[in-house]
Colleague: 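Next up is a structure, given as structure tokens.
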Amino acid sequence: MMERLFVRLCDERAPGPETDAPAGSLISRRIPRELAPYVTSALVYREDLGEREVLERVVPDGAVQLAFNFGVAPTAGQGEGARSEAIGARTEPALVRLRGRMDGITVTLRPGAVAVLLGVPASELRASTVPLDLLWRGEASRWLQQLRELPDDMTRLLWLQRALLQRARDAAPEVACATHAARLMMEARGKLSVRALAASLGIGERRLQQLFQQHVGLSPRAYGRVARMHGLLRDLRVAEVPSWARIAQDAGFYDQAHLANEFRALCGLSPSAFLTHVSGSSKTAG
């Protein structure tokens, strides 16, 4: 079975240059302004794999996604994939099996939007995939049918905007606090301690932990690990010949061994294997 890589860093609309999907099979769509407080990106994917099967290694981005599949649904683990599903945040790579005719839309939620839009704490979705019909009491099937009948991607996204905004009409003020907290951690590339982050928000550490569990799905410390790895991956995109000792120090790792261990844990590859894979890709960083 062929294996390939998928990388999308926080707040990027499109997959990164490390992603191996064929050109044109992934199309990033602009998020309507009204939906931007709740959604980071929307990705349309179309690919006909025929009789082939592909195992896609997805590097964690610390976010929750909603997937609406009009073709064959991707699967993670045993069993069949759901036509519409919520994909929880994780700190380890997901191995996703692709086959047949792929056709669908994936919406990446901002930290803070999960509990509002899905009606459950983000922590209940951690490292799991849940059919949306279980969360929305069958409403997701109606959404999927409506989306399938619309003529083009932009019309589908506009319909999704209206439907998601309807679900978000009762958003609590703490959603904005959770979104801000996650953004601060990502901007600091994971170098903020839990204590410092809580102090910058004017709340206690226990309350910060509750906000992350409720609205992000990861603890602040776990989300910080993802943020630090994203900072490292951004550094690697511009490093012609990486000096691992210097990059480890700049990225906030204790040492080079700590960097290597975290790379394997979050990406499922050693740093050298990752660079070899990227250098052999048809895409180039930049």
Side-chain angles (χ1 to χ4, degrees), residues 8-12 36-41 58-66 76 85-94 107-130 132 134-135 164 167-168 170-234 251-254 258-259 261-268:
R8 189 198 71 87
L9 302 186
C10 179
D11 283 337
E12 288 186 340
Y38 307 100
V39 172
T40 299
S41 63
V58 182
V59 173
D61 61 4
V64 174
Q65 279 92 26
L66 307 183
E85 55 193 6
I87 305 166
R90 60 175 66 233
T91 56
E92 56 280 330
V107 175
T108 300
L109 303 184
R110 290 194 184 279
V114 179
V116 172
L117 294 175
L118 300 182
V120 297
S123 57
E124 291 191 11
L125 303 174
R126 193 206 182 288
S128 63
T129 301
V130 179
L132 274 175
L134 291 181
L135 302 175
L164 289 172
R167 293 193 66 88
D170 297 324
E174 66 182 20
V175 170
C177 184
T179 301
H180 184 52
R183 182 168 60 250
L184 288 177
M185 182 67 83
M186 195 60 71
E187 288 175 351
R189 298 161 66 108
K191 297 177 184 179
L192 269 180
S193 68
V194 174
R195 176 178 297 179
L197 179 56
S200 70
L201 297 168
I203 60 177
E205 291 182 45
R206 182 176 181 181
R207 182 58 183 147
L208 181 67
Q209 296 279 359
Q210 291 171 341
L211 281 175
F212 266 78
Q213 293 294 342
Q214 177 79 5
H215 296 292
V216 180
L218 301 172
S219 70
R221 190 178 301 277
Y223 194 79
R225 290 177 62 203
V226 174
R228 184 172 55 199
M229 181 57 61
H230 281 213
L232 170 62
L233 292 177
R234 286 189 168 96
F253 295 93
Y254 299 130
H258 182 211
L259 180 155
N261 289 336
E262 283 289 271
F263 211 106
R264 291 188 183 92
L266 273 74
C267 298

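All values derive from a computational prediction rather than experimental measurement.
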Colleague: Could you tell me which residues satisfy ring-ring contact (aromatic ring centres under 6.0 Å, His included) with His180, sequence neighbours excluded, listed by chain and number?
Modeller: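 Counting only residues at least two positions away or on another chain, His180 forms no ring-ring contact (aromatic ring centres under 6.0 Å, His included).
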Colleague: Which pair of heavy atoms, one from Met185 and one from Tyr223, lies closest together, and at what distance?
Modeller: CG-CD2, 3.9 Å
Colleague: Within the distance-only criterion (no hydrogens, no angle test), does the side chain of Ser123 pair as donor or acceptor with the backbone N or O of Gly217 below 3.5 angstrom?
Modeller: no
Colleague: Where do Leu201 and Leu184 land on the side-chain contact (heavy atoms from CB on, under 4.5 Å) test, with the steps shown first?
Modeller: CA-CA 10 Å; Leu201 297 168; Leu184 288 177; 4.0 Å; yes
Colleague: State, to 0.1 Å, how close Ala36 and Arg110 come at their nearest heavy-atom pair, and which atoms those are.
Modeller: O-NE, 2.5 Å
Colleague: From Leu118 CG over to Arg167 CZ, what is the distance, rounded to the nearest 0.5 angstrom?
Modeller: 7.5 Å
Colleague: Test side-chain contact (heavy atoms from CB on, under 4.5 Å) on Val39 and Leu66; report intermediate values, then the result.
Modeller: CA-CA 10 Å; Val39 172; Leu66 307 183; over 6 Å; no
Colleague: To the nearest 0.5 Å, tell me how far Arg90 CZ sits from Asp61 CG.
Modeller: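 Nearest 0.5 Å value for the CZ-CG distance: 10.5 Å.
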Colleague: Would you find a donor on one side and an acceptor on the other, under 3.5 Å apart, between the side chain of Glu12 and the backbone of Leu9?
Modeller: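 Yes, Glu12 side chain to Leu9 backbone: donor-acceptor pair under 3.5 Å.
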Colleague: For Arg126 and Thr91, does a side-chain donor sit closer than 3.5 Å to a side-chain acceptor?
Modeller: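 Arg126 vs Thr91: donor-acceptor pair found between side chains.
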Colleague: Could you note down all residue pairs passing salt bridge (charged side-chain N to carboxylate O under 4.0 Å, His left out) where residues 180-190 supplies at least one of them, sequence neighbours left out?
Modeller: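 Qualifying pairs: Arg189-Asp235.
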Colleague: Calculate, to the nearest 0.5 Å, the distance between atoms NZ and OG belonging to Lys191 and Ser193 respectively.
Modeller: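 That separation rounds to 13.5 Å.
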Colleague: Distance check, rounded to the nearest 0.5 Å: Arg8 atom CZ versus Thr40 atom OG1?
Modeller: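 Output value for this atom pair is 6.0 Å.
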Colleague: Looking at Arg221, I want to see if its CZ is surrounded by more than 12 non-hydrogen atoms of other residues, nucleotides or ligands under 6.0 Å.
Modeller: no
Colleague: Listed by chain and number, what are the salt bridge (charged side-chain N to carboxylate O under 4.0 Å, His left out) partners of Arg228, not counting sequence neighbours?
Modeller: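 Listed in chain order: Glu262.
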Colleague: Test your reading of the model: is there a side-chain donor-acceptor pair from His230 to the backbone of Pro60, 3.5 Å cut-off?
Modeller: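 Looks like yes, one N/O pair under 3.5 Å.
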Colleague: So which heavy atom on Ala227 is nearest to which on Gly190, and how close?
Modeller: CB-N, 3.6 Å
Colleague: Side chains of Met186 and Asp11: closer than 4.5 Å at any heavy-atom pair?
Modeller: no
Colleague: Starting at OG1 of Thr108, measure out to CD of Gln65 and round the result to the nearest 0.5 Å.
Modeller: 4.0 Å
Colleague: Determine the minimum heavy-atom distance between Leu218 and Ala222, stating which atoms define it.
Modeller: CB-CB, 4.1 Å
Colleague: Distance only, no hydrogens: is a donor on one side chain within 3.5 Å (strictly under) of an acceptor on the other, for Gln209 and Arg206?
Modeller: no
Colleague: Find out whether Val130 and Val120 are in side-chain contact, i.e. whether some heavy atom of one side chain is under 4.5 Å from a heavy atom of the other.
Modeller: no
Colleague: With rounding to the nearest 0.5 Å, note down the distance linking CG in Leu164 to CG in Leu109.
Modeller: 7.5 Å
Colleague: Of the non-hydrogen atoms in Leu117 and Tyr38, which two are nearest, and what is the gap between them?
Modeller: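 Heavy atoms of Leu117 and Tyr38 come nearest at CD1-CB, 4.3 Å.
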Colleague: Specify the closest pair of heavy atoms between Leu208 and Ala181, including all atoms of both residues, with the distance to one decimal.
Modeller: CD1-CB, 4.2 Å
